[in-house]
Q: 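A single structure is presented below for examination.
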Amino acid sequence: MSAAFLEVEGLTKHYGGVAALDGCTLSLAKGEVTGLIGPNGAGKTTLLNALTGLAKPDAGRVTFDGADVTGLPAHRMAARGVVRSFQIVRELASLTVFETLLLAPPHQIGETLTGAMARRRRWWAQEHANAGKARTLLERIGLWRLADQPSARLSGGQKKLLEVARALLLEPKLILLDEPGAGVSPPLREEIIALVRELKGEGLSFGIVEHDMHLVGEICDHVHVLAEGRTLVSGTFAEATADPRVVDAYLGLA
Ligand code: ATP
């Protein structure tokens with residue numbers, strides 16, 4: 001395995017009496033696609049949120065690219081190159097595909113008002129450059145011909161591609177994708193897999209939360225299986241899925 005890029009050590013996050021993360025320890029390697037899998041309620045989404053500044057961990061440590069980034073707010077994680085995809089289209093149904101892509105990114109959550117306003121001013125000042133980048137990205141994901149259509153009309157798979165494009169607009173080093181295969185038709189699924197592989201070839205790193213095990217098996221170099229807020233098993237997809245502890249966790253026997 002390549003050198004660790006993102007390291008998570010003993011990460012803990014409680015919601016009331018529930019330990020969504022309970023001393024989670026794992027790492028993501030540079031230039032690889034790492035799957036974060038596990039049964040419902042294992043803590044996968046909470047982990048994505050904690051790694052992108054959308055949930056503040058109660059304990060533990062996160063190191064990215066050699067720096068301690070534990071508990072940094074979302075805009076600072078994004079500035080360091082860690083972004084996650086969002087299911088944004090439903091909320092912004094009236095916007096066109098192009099407008100949806102160009103909207104100021106959601107990583108402003110948690111910023112102070114002054115910080116957010118300054119960022120917004122910078123964002124609009126960059127609008128022209130962003131518009132150029134947005135066109136290139138839409139061409140790349142095959143949606144440029146739909147740029148003026150309402151984004152609500154996109155298919156499930158096209159929305160997923162748009163989510164990846166929105167993350168790419170921030171020029172990240174590590175993209176965390178939340179269920180890129182959910183609600184996606186087979187041809188679009190292949191496009192998403194091809195895009196992730198292509199981006200990996202360009203040096204991008206990925207963490208992917210996914211329930212579709214075929215997709216995980218096809219694109220992940222390495223997987224971590226989470227259960228009850230902790231890493232249960234790490235290894236290749238074949239190793240992890242052959243492990244009896246993983247089978248038990250999915251069957252609710254762990
Ligand atoms: P799924 O595969 O079903 O999406 P997951 O592995 O992503 O599950 P999380 O969504 O991270 O799991 O949830 C882990 C646990 O934390 C669950 O018991 C969930 O109910 C709880 N939880 C997560 N977020 C919150 C919240 N904001 N408030 C209260 N409980 C939460």
Side-chain angles (χ1 to χ4, degrees), residues 6-28 33-62 69-74 77 82-91 106-111 156-157 159-160 163-164 167 174-184 189 192 196 206-220 222-235 237 240-241 243 245-254:
L6 181 97
E7 286 194 85
V8 175
E9 231 182 286
L11 211 62
T12 299
K13 174 74 187 174
H14 286 90
Y15 290 107
V18 178
L21 291 174
D22 190 14
C24 184
T25 295
L26 50 81
S27 62
L28 269 64
V33 180
T34 306
L36 302 166
I37 63 175
N40 291 327
K44 305 178 296 292
T45 303
T46 306
L47 178 63
L48 285 201
N49 287 339
L51 295 179
T52 47
L54 297 172
K56 210 171 167 61
D58 302 322
R61 191 177 137 96
V62 181
V69 295
T70 316
L72 286 188
M77 285 308 290
V82 183
V83 300
R84 59 159 292 181
S85 64
F86 282 90
Q87 295 184 17
I88 28 100
V89 173
R90 200 176 25 175
E91 293 76 10
H107 66 257
Q108 290 175 354
I109 298 163
E111 269 183 301
K159 287 175 186 168
K160 292 289 179 185
E163 286 170 25
V164 178
L174 169 65
I175 302 188
L176 301 168
L177 296 180
D178 194 6
E179 299 200 38
V184 177
R189 186 179 170 280
I192 290 169
V196 170
F206 287 87
I208 297 190
V209 167
E210 183 57 65
H211 283 289
D212 176 343
M213 289 302 126
H214 293 293
L215 191 146
V216 173
E218 275 183 68
I219 54 175
C220 293
H222 199 87
V223 301
H224 297 294
V225 185
L226 268 61
E228 297 180 354
R230 282 186 295 272
T231 308
L232 183 67
V233 168
S234 300
F237 178 72
T241 47
D243 192 304
R245 290 170 295 173
V246 174
V247 179
D248 286 353
Y250 272 95
L251 294 176
L253 305 172

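All residue numbers in this chain count up from 1 along the given sequence. Atoms within a ligand are numbered from 1 in the order they appear, just like the ligands themselves.
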Q: Run down the list Leu36, Ile37, Asn40, Leu48 and name the one with the heavy atom closest to atom 3 (O) of ligand 1.
A: Asn40
Q: Which heavy-atom pair separates Phe237 from Gly217 by the least distance, and what is that distance?
A: CD2-CA, 3.5 Å
Q: Between Ala55 and Lys13, what is the shortest heavy-atom contact and its length?
A: CB-CE, 4.4 Å
Q: Looking at every heavy atom in both Ala249 and Ala227, which two are closest together, and how far apart are they?
A: CB-CB, 4.2 Å
Q: Heavy-atom contacts with Thr46 under 4.0 Å: which atoms of ligand 1 show up? List them by number with element.
A: 9 (P), 11 (O), 13 (O), 23 (C)
Q: So which atom in Val33 and which in Ile219 form the shortest heavy-atom distance, rounded to 0.1 Å?
A: CB-O, 3.3 Å
Q: Nearest 0.5 Å, please: how far is OG1 in Thr34 from NE2 in His224?
A: 5.5 Å
Q: Any nitrogen or oxygen of Val18, side chain or backbone, less than 3.5 Å from one on ligand 1?
A: no
Q: Check whether more than 12 heavy atoms from other residues, nucleotides or ligands sit under 6.0 Å from atom NE2 of His214, and answer yes or no.
A: no
Q: For atom 12 (O) of ligand 1, what's the nearest protein heavy-atom neighbour? Residue, atom name and distance, please.
A: Gly43 N, 3.1 Å
Q: Provide the number and element of each atom of ligand 1 under 4.0 Å from a heavy atom of Ala20.
A: 14 (C), 15 (C), 16 (O)
Q: Which of the atoms of ligand 1 are close to Ala42, meaning less than 4.0 Å from one of its heavy atoms?
A: 5 (P), 6 (O), 12 (O)
Q: Among the heavy atoms of His211, does any lie under 4.0 Å from an atom of ligand 1?
A: yes
Q: Counting each atom of ligand 1 from 1 as listed, which ones have a heavy atom of Lys44 under 4.0 Å away?
A: 1 (P), 2 (O), 5 (P), 6 (O), 7 (O), 8 (O), 11 (O), 12 (O)
Q: Just to check, does Gly38 reach to within less than 4.0 Å of ligand 1 when the distance is taken from its heavy atoms?
A: no
Q: What residue and atom, counting heavy atoms only, is the protein's closest point to atom 30 (N) of ligand 1, and at what distance?
A: Tyr15 CB, 3.4 Å
Q: Side chains of Val82 and Leu176, heavy atoms from C-beta outward: is any pair under 4.5 Å?
A: yes
Q: To the nearest 0.1 Å, how far is atom 14 (C) of ligand 1 from its closest protein heavy atom, and which atom is that?
A: Gly41 O, 3.4 Å
Q: Can you tell me the protein heavy atom closest to atom 10 (O) of ligand 1 and the distance?
A: Thr45 CB, 3.8 Å
Q: Should Arg189 and Asp212 count as side-chain neighbours, where that means a heavy-atom distance under 4.5 Å?
A: yes
